[in-house]
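A quick write-up on the structure given underneath.
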Amino acid sequence: MAETKREIERKYEATADTRLPDLTRAAGVASVTAEGVTELDAVYYDTADLRLAADSLTLRRRTGGKDAGWHLKFPVAVGVRDEIRAPLTETLPHSLAGLLRSRVRHSGVVPVVRLRSSRDVRHLRDEDGTILAELSVDTVRADRLLAGGGTAAWTEIEVELADDADPAVLDAVEKRLGKAGIHPSDAPSKLARALSETGLEPERPAAADADGTARAAVLAYVREHVEALVRLDPAVRRDLPDAVHQLRVACRRLRSAFKTYRKVLDRDVTDPIGDELKWLAGELGHARDQEVLAARLGDALDGLAREHVRGPVRGRLRTWDRTRTAGSRHRALDALDSPRHLALLDALDGLLADPPLKPAARRKAAKVLPKAIRRDYRRLAGRIGPALDLDPGHDRDLALHEARKAAKRARYAADAAVPTLGRSAKRFAKRMKSVQSLLGDHQDAVVARAALLDLAAEAEEAREPSFTWGVLYARQEAAAAAQERELPGVWERASARDLRAALSR
């Protein structure tokens with residue numbers, strides 16, 4: 001079973017002769033206790049072309065010390081990483097292999113560097129004896145395991161914040177170290193230093209062209225969201241907050257870009273990829289949709305007066321949510337583990353490596369992108385009016401849902417153009433988002449009504465009162481009606497003539 005630990009640490013340059021200052025003078029540190037020397041032996045794994053290192057991930061199998069085992073580290077911020085641990089086994093645990101899948105694909109991992117460290121540990125404690133941080137002086141030897149060999153050796157100081165301790169401790173310690181002439185290390189990790197000093201450098205993506213063409217603008221946007229797909233895959237597997245939603249958004253933005261900028265990228269190539277993105281978003285969508293729906297119904301229930309809550313409605317809502325959520329998460333993980341998902345990632349890599357460019361790709365982005373945005377705007381306008389002309393009911397709900405999708409596409413089109421068109425595209429995207437948000441709330445009310453009918457039927461079958469579900473249904477119906485009344489004004493403001501004209505300049 002893998003466990004996760006948030007690691008907050010700082011590294012400093014040192015030599016064998018470096019003397020530590022008196023750290024009891026650092027704010028909050030009352031004593032420093034010596035914990036002895038530990039011998040650590042770690043083998044770091046990566047693909048042969050060092051894809052993990054290129055994304056600042058580290059995977060190691062370490063013996064010695066209190067946390068022997070497999071460790072996979074994901075960067076969170078400067079000096080902050082999430083370390084996912086698994087028990088010591090001969091082969092890579094399945095729990096960690098899945099988290100690497102979007103990056104490793106079909107390649108597998110191999111040993112690349114071995115680090116042997118002699119770790120002299122001290123605990124920095126407060127007046128109550130509680131550990132605030134762990135300071136270690138590490139004497140390190142690195143051996144390159146890939147072809148070519150190579151070794152390196154150095155000494156460094158590492159200060160790691162204890163769980164739940166105030167990060168200000170690290171600032172105070174750093175100030176004391178600095179006064180003693182001990183300065184932060186340039187290397188972000190031992191692995192990064194070992195790779196550099198043994199002649200192994202991960203291949204970084206080539207800098208994107210910035211020549212002002214439509215090709216450069218569209219491919220930069222596509223690359224950004226392909227990278228998001230890869231990065232968010234392990235976040236979904238770890239069940240991190242909002243990860244499913246963000247991965248789904250990346251799928252939708254890519255699909256939208258392929259459709260909007262069809263004069264730049266050939267749809268004979270992008271349409272099949274777009275179909276696969278739609279599939280993935282759909283498989284993920286069950287989990288996200290259930291999350292949004294359960295939150296909406298829970299909030300609505302909390303807003304009812306006590307006399308309107310009859311029967312075991314909260315228990316039934318929890319049971320209904322747990323049942324649907326469990327199935328949704330399994331479905332999302334099955335999709336991420338499927339060969340189809342890996343094929344999609346490979347296809348996206350292939351598109352970036354050899355873009356299917358059309359003649360407009362060579363033209364100036366400032367000319368091509370506004371035309372594409374205006375085309376999506378006209379598409380939205382062609383859906384809003386007819387939808388509002390329909391009588392309230394099922395057909396109008398469907399038409400407004402289609403208008404919502406068109407508003408989202410117009411917004412994404414403008415978002416992609418912000419680096420090229422600046423404030424005018426940003427302003428346009430903001431107005432389209434206002435339309436999308438209102439229509440999204442309307443669609444949520446439509447979906448909630450359908451769910452409430454199911455909950456009412458389940459309650460009646462169990463011989464429970466269905467009154468509360470009826471009250472909630474009526475409120476969702478009223479909310480949707482209010483949004484329909486609000487839509488004409490929102491649309492009028494969003495479709496202002498001066499805003500459309502700004503994109504033509």
Side-chain angles (χ1 to χ4, degrees), residues 245 248-249 252-253 255-257 259-260 288-289 292-293 295-300 302-304 369-418 421-452 471-505:
H245 173 59
R248 198 177 180 196
V249 167
R252 287 173 167 171
R253 284 183 176 275
R255 285 188 66 223
S256 182
K259 293 177 179 179
T260 295
R288 172 60 180 174
D289 290 345
V292 171
L293 179 57
R296 185 181 184 95
L297 295 182
D299 289 345
D302 290 341
L304 291 183
L369 272 55
K371 289 182 179 180
I373 297 170
R374 288 196 296 274
R375 186 166 55 242
D376 279 350
Y377 168 81
R378 290 192 295 270
R379 179 172 173 269
L380 170 60
R383 294 186 179 186
I384 288 280
L388 289 172
D389 289 339
L390 293 172
D391 292 331
H394 179 69
D395 288 345
R396 178 185 255 199
D397 291 341
L398 288 178
L400 289 173
H401 183 46
E402 291 301 311
R404 176 199 178 206
K405 291 189 284 187
K408 186 179 298 185
R409 180 162 149 185
R411 171 195 167 192
Y412 289 165
D415 283 341
V418 168
L421 303 177
R423 292 175 60 187
S424 61
K426 190 172 184 179
R427 189 163 62 247
F428 185 87
K430 183 177 180 180
R431 298 287 182 89
M432 293 302 102
K433 184 179 180 180
S434 68
V435 178
Q436 175 199 330
S437 296
L438 180 63
L439 291 172
D441 288 341
H442 181 274
Q443 177 62 14
D444 288 347
V446 171
V447 173
R449 294 206 306 269
L452 288 166
V471 173
L472 291 175
Y473 184 98
R475 292 198 172 191
Q476 294 299 316
E477 192 171 48
Q483 287 146 4
E484 291 175 21
R485 291 192 298 271
E486 187 180 354
L487 180 58
V490 172
W491 172 241
E492 182 178 0
R493 291 189 295 273
S495 58
R497 183 177 302 173
D498 62 328
L499 192 64
R500 301 197 306 273
L503 290 172
S504 66
R505 289 204 277 274

What distance do K405 atom NZ and S256 atom OG have between them, rounded to the nearest 0.5 Å?
-> 12.5 Å
Residues passing the salt bridge (Lys or Arg N to Asp or Glu O under 4.0 Å) test with D299, sequence neighbours excluded, are none
Take L487 and L438 through the side-chain contact (heavy atoms from CB on, under 4.5 Å) test and state the conclusion after the steps.
-> CA-CA 7 Å; L487 180 58; L438 180 63; 3.9 Å; yes
Could you state the interatomic distance from OH (Y412) to CD (Q436), rounded to the nearest 0.5 Å?
-> 5.5 Å
Evaluate the criterion side-chain contact (heavy atoms from CB on, under 4.5 Å) for residue pair H442 and D397; output intermediate values, then yes/no.
-> CA-CA 8 Å; H442 181 274; D397 291 341; 3.2 Å; yes
Applying salt bridge (Lys or Arg N to Asp or Glu O under 4.0 Å), name anything that partners R396, two or more places apart in sequence or on another chain.
-> E484
Donor-acceptor side-chain pairing of R404 and Q443 below 3.5 angstrom | no
Check: S437 side chain, S434 main-chain N or O, donor-acceptor pair, under 3.5 Å | no
Distance (rounded to the nearest 0.5 Å) between K426 NZ and R423 CZ = 9.0 Å
List in chain and number order the residues that pass salt bridge (Lys or Arg N to Asp or Glu O under 4.0 Å) with D376, two or more places apart in sequence or in another chain; answer none if no residue qualifies.
-> R409
Check: L380 and W491 side chains under 4.5 Å, non-hydrogen atoms = yes
Interatomic distance, CG@D441 vs CD@E486, rounded to 0.5 Å, equals 9.0 Å
Evaluate the side-chain proximity of V447 to L293: yes if any heavy-atom separation is below 4.5 Å, no if none is.
-> yes
Does the side-chain contact (heavy atoms from CB on, under 4.5 Å) test come out yes or no for R383 and H401, once each step is laid out?
-> CA-CA 10 Å; R383 294 186 179 186; H401 183 46; over 6 Å; no
Atom CZ in R253, atom CZ in R255: separation rounded to 0.5 Å?
-> 14.0 Å
A417 and I373: which non-hydrogen atoms are nearest, and at how many Å?
-> CB-CD1, 3.6 Å
Nearest heavy-atom approach of A494 to M432 is O-CE, 3.5 Å
What's the shortest heavy-atom distance between A414 and F428, and which atoms?
-> CB-CD2, 3.7 Å
Check step by step if side-chain contact (heavy atoms from CB on, under 4.5 Å) holds for K430 and K433.
-> CA-CA 5 Å; K430 183 177 180 180; K433 184 179 180 180; 5.6 Å; no
Pair R248 + D289: basic N to acidic O under 4.0 Å | yes
Nearest heavy atoms of D415 and A429, plus distance in Å | OD1-CB, 3.2 Å
Mind checking the CZ-CD spacing from R379 to E402? Nearest 0.5 Å is all I need.
-> 8.0 Å
Heavy-atom pair with the smallest gap, counting every atom of G303 and R475 | O-NH1, 3.6 Å
Work out which heavy atom in I384 is nearest to a heavy atom in A403; give both atom names and the distance.
-> CD1-CB, 4.0 Å
